[in-house]
Amino acid sequence: MYLSIGLCGALGAVCRYAISCWVGMHPFPLSTLAVNLAGCFALALAGNLPGVPQKVRTAVGTGFVGAFTTFSTFSKENAALLLGQSYALLTLNIAASVLGGLIAAYAGTHCGRMLCARAREEQK
C-alpha cells in the first residue's frame, strides 16, 4: 500500500509541476487554482466510481491528489497578494478556490454517481 501511495504521489507531483510550467507565471496564481479545482473533482470522482477497490481510492486520493494539490502554495500565494496589497486578486483567488473547489467536488461526486448508476443498469 505504501508503494502504491508513493508511486501515485510521484505521478501527482510531476503532473503538478507540468501544469505549473504549462500555465506559466501570472500575477494571479492560475496554476494553483487549476490544480486545486482539478484535484477536488478527481478526489470526489474517484470516491464515487463504481467497482474501484478501497486500496485504489486510497492510493489515488492520498498519493496522486495529495501530491497534485497544494494548500501550502495556495496560502503562500495569498500571503504574497496580501503583502503586495493586491486585495482584489486576493479576494478573487480565495473565492474562486473555495467556491470552485466545492463546485468541482460536487461535480465529481455527481459524475461518479452517474457512472455508478449506469454500471448498475448495464448489469441488469
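Numbers for residues simply follow the sequence, beginning at 1.
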Between [atom1] on residue [X] and [atom2] on residue [Y], distance to nearest 0.5 Å:
X	Y	atom1	atom2	value
M114	L49	CE	CG	12.0 Å
I103	C40	CD1	SG	10.5 Å
R57	Q54	CZ	CD	6.5 Å
I94	L89	CD1	CG	11.0 Å
E77	S31	CD	OG	6.0 Å

Report yes if the side chains of [X] and [Y] come closer than 4.5 Å at any heavy-atom pair, otherwise no.
X	Y	value
F68	N36	no
R16	T32	yes
N48	C116	no
F64	C15	yes
F74	K76	no
L81	Y87	no

Checking T109 against R113: is there a side-chain donor and acceptor pair closer than 3.5 Å? no
Step by step, work out the side chain to side chain contact (heavy atoms under 4.5 Å, CB included) result for F28 and S86. CA-CA 10 Å; F28 184 80; S86 299; over 6 Å; no
Distance-minimising heavy-atom pair for [X] and [Y]:
X	Y	value
A13	A67	N-CB, 3.7 Å
G112	P50	O-CD, 4.1 Å
G24	H26	O-CD2, 3.6 Å
N93	P29	ND2-CG, 3.5 Å
M1	K55	CE-O, 3.0 Å
C8	A59	CB-O, 3.3 Å

Can L7 be reached from Y2 by stepping across I, L, V, M, F, W or Y side chains whose heavy atoms are under 4.5 Å apart? no
Same cluster or not: are L33 and L92 linked, directly or through other Ile, Leu, Val, Met, Phe, Trp or Tyr residues, by side-chain heavy atoms under 4.5 angstrom apart? yes
From V56, T62, T58, residue fulfilling side-chain contact (heavy atoms from CB on, under 4.5 Å) relative to V60: V56
Classify the ring geometry of Y106 against H110: parallel below 30°, tilted from 30° to 60°, perpendicular beyond 60°. parallel
